[in-house]
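So the structure is just underneath, and the comments pick up after that.
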Amino acid sequence: MNNFIQLSNISKSFDNSKKIRVLKKISYKFKKGMIYSLMGPSGSGKSTLLNLISLIDRPTSGSIYIENKLINFNNSNDNDILRANKIGIIYQQDNLLPDFTSLENIYLASLAAGNTKEISLNKAHILLKKVGLTNRSEHYPSQLSGGEKQRVSIARALINDPQIILADEPTGSLDLETAKGIFDILKKQINSNRIIVFATHNRFFANKSDCMLEMVNGNIKTINA
Amino acid sequence: MNSSLFSALKVERNVMFIILSLIIIVAAFNIISGLTILVKNKTRDIAILKSIGVLNKSIIKIFFLIGIIIGTSATIFGIILGVTFSMYVENLRQFLSSVFNISLFPEEIYFLSTMPSEINPSSIFIISLCSIIVTTIVSIFPALKAAKLDPIKALKYE
């Protein structure tokens, strides 16, 4: 009943000089209220899978259902709206807009979801406080440390209260202590109405998830649930 | 009596029109290339905007507006410069003649005691309108290019 994301026979190939099949007929159901960790070596398809779930990329074959609704990858407009409202994405590298301050980077995502500037600003201020960066609101990404940038990214991902949070190696470029702090913030965001999926190479963090998944030969293998 | 002179003036007017049209075309290509470079430089930013759910039409709007702002401000700047030049063309001729110690447009050759100049508001309006329309049209192409950008490639390789 609480299957929120359903992958049905998802395959993804890349046509370069040689055709590479990254994902091979993956079928999986992600349930609400759970934190999933996605492990696997580099090139195993973790990022590709997250890009498909975030509707940024389209599968070569197969279907994705979100809230039991089949995603139509030809309708990019609807998918953009869905992504703005229901999906928050955190990348490994700081994917913040360099010409905008922390506050602007955060509230821009709310504007994209159709909120007014006033509402967006209020939400951004609350989130900056939540991630402990109130004093950094007017700083540009170049003036922030790696950990601070990630906290801004988390705040941006949370501003529209998304039901899905996808994090692609969010602690990958941070030292262990900072990474623990970032992971704690991320873990606190789980609630009964939300799914968090994070890709990681770090087994320490993966062990803290509710369900450990591993990418093996282009497929998902459940290690523990 | 002066039919050959008028004919020559007419030819000159047509040639000037062609030259000015070519200048507008070159300017339009400048706007296209400028905006294309801007889109290229902002590839990563566009990908980030897409990843947070900004609609393609909003991205088109951003770059389209930049093109219109450039075109309109350049047109306004051009009008101010052109009108000022027309108003003070005689003063400018005298100034340049005195600075470089040469006789610019001598009266004995050109039969003109002063540099003729006429400010025609309707011509200014038509030229401004054409210039804004051309820049608006050419802004569409880079804007569409920005919207078509693949965010995966941009985030991965930029």
Side-chain angles (χ1 to χ4, degrees), chain A residues 12 14 16 22 43 47-52 54-58 75-100 104-115 120 141 149 152-153 155-160 162 164 166-168, chain B residues 30-74 77 135-158:
Chain A
K12 179 70 186 174
F14 292 100
N16 296 325
V22 182
S47 299
T48 304
L49 184 64
L50 292 182
N51 286 334
L52 291 176
S54 64
L55 315 181
I56 290 178
D57 205 357
R58 58 167 64 205
N75 193 342
S76 65
N77 201 53
D78 281 1
N79 294 346
D80 287 342
I81 293 168
L82 185 75
R83 183 161 60 252
N85 289 292
K86 292 194 173 175
I87 305 172
I89 309 169
I90 304 156
Y91 292 100
Q92 178 184 0
Q93 281 134 359
D94 52 289
N95 279 283
L96 301 175
L97 296 166
D99 302 324
F100 290 81
E104 289 165 342
N105 262 290
I106 296 167
Y107 85 71
L108 201 62
S110 176
L111 290 178
N115 293 314
S120 306
K149 283 180 199 170
V152 173
S153 297
R156 184 179 66 185
L158 291 172
I159 195 158
N160 295 322
I164 304 165
L166 304 170
D168 193 357
Chain B
N30 263 333
I31 289 178
I32 292 182
S33 60
L35 280 178
T36 307
I37 291 167
L38 184 71
V39 168
K40 183 117 183 80
N41 289 342
K42 294 286 177 190
T43 300
R44 191 179 180 83
D45 293 12
I46 296 166
I48 293 168
L49 289 176
K50 286 191 169 196
S51 76
I52 61 171
V54 172
L55 300 176
N56 280 343
K57 66 178 178 187
S58 302
I59 290 168
I60 291 174
K61 215 188 281 178
I62 292 169
F63 287 93
F64 190 54
L65 272 176
I66 292 172
I68 290 173
I69 289 167
I70 292 171
T72 310
S73 51
F77 182 70
T135 48
T136 303
I137 292 168
V138 298
S139 301
I140 295 170
F141 306 108
L144 288 175
K145 196 178 173 178
K148 280 181 188 166
L149 199 134
D150 182 359
I152 305 288
K153 279 184 190 164
L155 290 171
K156 218 176 224 178
Y157 303 114
E158 279 294 308

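Only a predicted model underlies this, so the values are computations on that prediction, with no experimental measurement involved.
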(message) Please identify, among B:D150, B:L49, B:L55, B:N56, the residue contributing the most non-hydrogen atom pairs under 4.5 Å to chain A.
(response) B:L55
(message) To the nearest 0.5 Å, what is the distance between OG on B:S51 and CG on A:N51?
(response) 9.5 Å
(message) Between A:I81 and chain B, with a heavy-atom cut-off of 4.5 Å, which part of the residue counts as in contact: side chain, backbone, both or neither?
(response) both
(message) So for A:S54, is it side chain, backbone, both, or neither that comes closer than 4.5 Å to the heavy atoms of chain B?
(response) neither
(request) Output the distance between atom CZ (A:F100) and atom CD1 (B:I48), rounded to the nearest 0.5 Å. (result) 10.5 Å
(message) Rounded to the nearest 0.5 Å, what separates atom CZ in B:R44 from atom CG in A:L97?
(response) 10.0 Å
(message) Under a 4.0 Å threshold between the charged nitrogen and the carboxylate oxygen, would B:K42 count as salt-bridged to A:D99?
(response) yes
(message) To the closest 0.5 Å, what do you measure between CD1 (B:I52) and CD1 (A:I87)?
(response) 13.5 Å
(message) Contact between A:D80 and B:K50 at the side-chain level, heavy atoms closer than 4.5 Å - yes or no?
(response) no
(message) So which residue, A:I89, A:I56, A:N160, ends up with the most heavy-atom pairs under 4.5 Å with chain B?
(response) A:I56
(message) A side-chain contact here means heavy atoms from C-beta on lying under 4.5 Å apart; do A:S47 and B:I152 qualify?
(response) no
